[in-house]
Asks: 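Take a look at the following structure, please.
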Amino acid sequence: MIQLMQVTYSYPVTSRPALREITLEIPTGQFCALVGANGAGKSTLAYTIAGFIPHFYHGNLAGSVLIDGKETSQVPLSQLVQQVGLIFQNPFNQISGTKFTVREEIAFGLENLGLPRDEMEARIQATLSLVGIEDLAERYPLALSGGQMQRVAIASVLAMRPQVLVLDEPTSQLDPVGSREVFAAVRALIVEGGITVVMIEHKLEWVAVFADRVIALVDGALAADGDPQEVLTDETLVGKTIGQTRYTRAARQAQRSGYWPQDRQLPVTLEQAVDGFRESRGTPAG
Amino acid sequence: MAQSYSLFVARESFVHRLNPLTKLTLTGLLLVSGLFLPGIWTNYLLFVGIVLPLSAAAGVTKQLVRSAWKIVLPFAISLFLIQGFLWPGGTPILYVGPLSLKSEGLQFAVVSTGRILMIVSSFLWFSLTTRPDHLMNSLSRIGFPSNLAYVIVATIQIAPRFQSRAATILDAQRARGLETEGSLRTRARALVPLVIPLVLSSLIDVEERALAVEARAFNRQGPKTFLIELPEAAWEPAARWFMVVLMVSILGLRVYLAITRWRS
């Protein structure tokens with residue numbers, strides 16, 4: 001369980017806060033997507049949840065951030081990382097660069113935790129199959145493709161058994177194939193359940209299908225928080241922050257010329273769009 | 001693109017199976033013997049008698065000789081020419097025009113070349129047969145700081161990426177019309193738009209890498225464990241101690257000789 005209460009934060013030597021009075025509660029097992037324009041504070045919020053603020057970035061943090069009821073500022077980072085795993089945009093930068101096989105790369109965090117060897121072996125095996133990269137186990141990590149590297153990074157963090165996984169635009173530097181691989185791996189985690197996922201993601205079509213909840217940030221403050229269909233079709237948010245899925249855009253255009261069923265909510269997924277257009281059958285409603 | 005600056009050549013051999021510390025100690029012993037034992041030909045004897053057989057056993061003779069040759073030859077040529085002809089005083093053995101070849105100069109060149117050969121070849125032998133991560137693993141086990149170990153190994157692995165990024169930036173700036181060839185001034189002026197993006201993007205990378213390493217509990221206090229079990233034959237610790245004793249004795253002998261010579 002993640003709880004933020006009245007969190008305001010500004011980076012060192014800046015006066016403008018990157019986060020403004022954010023109050024949030026994310027229950028265990030929820031898959032939460034974080035959307036917003038560049039500079040809206042998404043990454044900052046991710047770092048705050050993961051405890052890198054205030055442990056890595058100093059600056060000025062007010063309010064409280066609780067993970068499982070404990071104030072993150074009171075827990076050392078090396079312990080926090082076993083509760084909240086953090087994945088970054090650039091796959092290459094997350095590979096330690098000191099290991100020669102994926103198996104050893106996954107072990108890097110476990111070695112730092114001082115786990116016994118048989119425990120490491122067991123966790124590595126379990127994580128490899130959870131993320132679906134058993135076939136990469138003996139490969140040289142720096143020679144993998146972006147999508148493969150990003151999945152290795154996810155596995156490396158998951159092997160440390162965090163209850164929460166925070167992903168900061170994990171597919172933004174990947175090609176479509178790599179993005180699909182990473183999404184499939186994340187989806188497997190959600191389906192397996194038990195782990196809370198907070199993911200910053202611009203690919204709204206994907207968010208609409210898989211997220212339980214969408215949180216939109218504008219200028220460091222919460223602008224919307226709720227069910228994906230509700231948040232992603234919110235007209236007031238379209239312009240300034242997050243855009244809309246292609247399905248919403250199509251239906252909205254149809255709605256203007258009366259081709260969308262009147263009391264039907266705008267769609268965010270392909271199925272919803274198909275259903276809606278089927279109902280109107282290409283004739284102006286009403 | 002090279003994947004790593006590591007020289008390591010994977011082979012199945014007795015030498016590859018040795019513990020990295022044993023190989024490191026042997027390298028140290030070779031260096032100490034080469035630098036401090038008396039005799040003009042000592043280094044060459046050590047090279048032929050120890051380094052070559054050991055690299056043959058590891059199946060890396062070709063790589064070792066090829067690299068060593070490239071490094072040692074330029075030194076050897078300049079040493080022989082400069083020391084041979086420009087040695088002050090000395091016994092001339094050959095006249096070439098106004099210059100004369102001195103036997104003392106030649107002797108000095110032989111000794112110096114031998115030393116360079118020993119330094120280069122023993123390090124090459126070590127690097128060709130030892131995985132850098134295994135070396136750092138074994139050093140960490142005996143108390144070498146893990147931060148330093150990380151920096152050393154990660155640099156070897158990651159440097160090729162920086163090189164390829166530099167190439168990308170060069171191409172990108174050229175595509176925008178940057179002149180990178182021509183006079184010295186043109187080249188100097190081209191440096192700024194190449195270096196600044198490289199440095200800035202590297203700094204951003206370093207920050208993200210620091211975060212990522214931190215996310216893997218790198219700075220946790222307390223003992224670390226190791227996934228890889230390093231090979232270590234039962235006799236190896238004893239052999240290492242024996243080599244250390246030998247090194248100390250050679251140094252002791254050297255000091256003793258220096259003192260007696262200084263007294264007389």
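Naming convention: chains lettered A, B, ... in sequence-line order (proteins, then strands); numbering from 1 in each chain.
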Asks: Taking the side chain from Asn43(B) and the backbone from Gly34(B), do they hold a donor-acceptor pair closer than 3.5 Å?
Replies: yes

Asks: Regarding Arg165(B) and the six-membered ring of Phe162(B), is the cationic atom NZ or CZ under 6.0 Å from the ring centre and inside 45° of its axis?
Replies: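 Cation-pi check for Arg165(B) and Phe162(B): passes.
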
Asks: Relative to chain A, which segment of Leu211(B) carries a heavy atom at a distance below 4.5 Å: side chain, backbone, both, or neither?
Replies: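 It is both, since atoms from each part get that close.
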
Asks: Quick one: what part of Leu77(A) sits under 4.5 Å from any heavy atom of chain B, side chain, backbone, both or neither?
Replies: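 Just the side chain, heavy atoms under 4.5 Å.
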
Asks: Checking Thr186(B) against Glu179(B) for the side chain to side chain donor-acceptor pair (under 3.5 Å) test, could you report, in this order, the C-alpha distance in whole Å, the side-chain angles of both residues, the deciding distance, and whether it holds?
Replies: CA-CA 7 Å; Thr186(B) 321; Glu179(B) 292 284 347; over 6 Å; no

Asks: Most heavy-atom pairs under 4.5 angstrom with chain A, which of Ala212(B), Ser146(B), Pro223(B), Ala149(B)?
Replies: Ala212(B)

Asks: Go through the side-chain N and O atoms of Thr171(A) and Lys203(A) and say whether any donor and acceptor fall under 3.5 Å apart.
Replies: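 On atom types as modelled, these side chains qualify, holding a pair under 3.5 Å.
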
Asks: Using a cut-off of under 4.5 Å for heavy-atom pairs, which of Ser78(A), Ala50(A), Gly51(A) has the most such pairs with chain B?
Replies: Ser78(A)

Asks: Do Arg209(B) and Phe92(A) form a cation-pi contact, if we require the NZ or CZ to be under 6.0 Å from the six-membered ring centre and within 45 degrees of the ring's axis?
Replies: yes

Asks: Quick one: what part of Ile124(A) sits under 4.5 Å from any heavy atom of chain B, side chain, backbone, both or neither?
Replies: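 For Ile124(A), the contact with chain B is made by the side chain alone.
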
Asks: Does any heavy atom of chain B fall under 4.5 Å from the side chain of Ile95(A), the backbone, both, or neither of them?
Replies: backbone

Asks: If only side-chain N and O atoms count, and only distance matters, is there a donor-acceptor pair under 3.5 Å linking Gln148(A) with Arg151(A)?
Replies: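 There is no such pair (donor and acceptor under 3.5 Å, judged by atom type) between the side chains of Arg151(A) and Gln148(A).
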
Asks: Heavy-atom pairs under 4.5 Å with chain B - which of Ala107(A), Gly85(A), Ser96(A) has more of them than the others?
Replies: Ser96(A)

Asks: Looking only at heavy atoms and a cut-off of under 4.5 Å, which of Asn137(B), Val213(B), Ile228(B) has the most pairs with chain A?
Replies: Ile228(B)

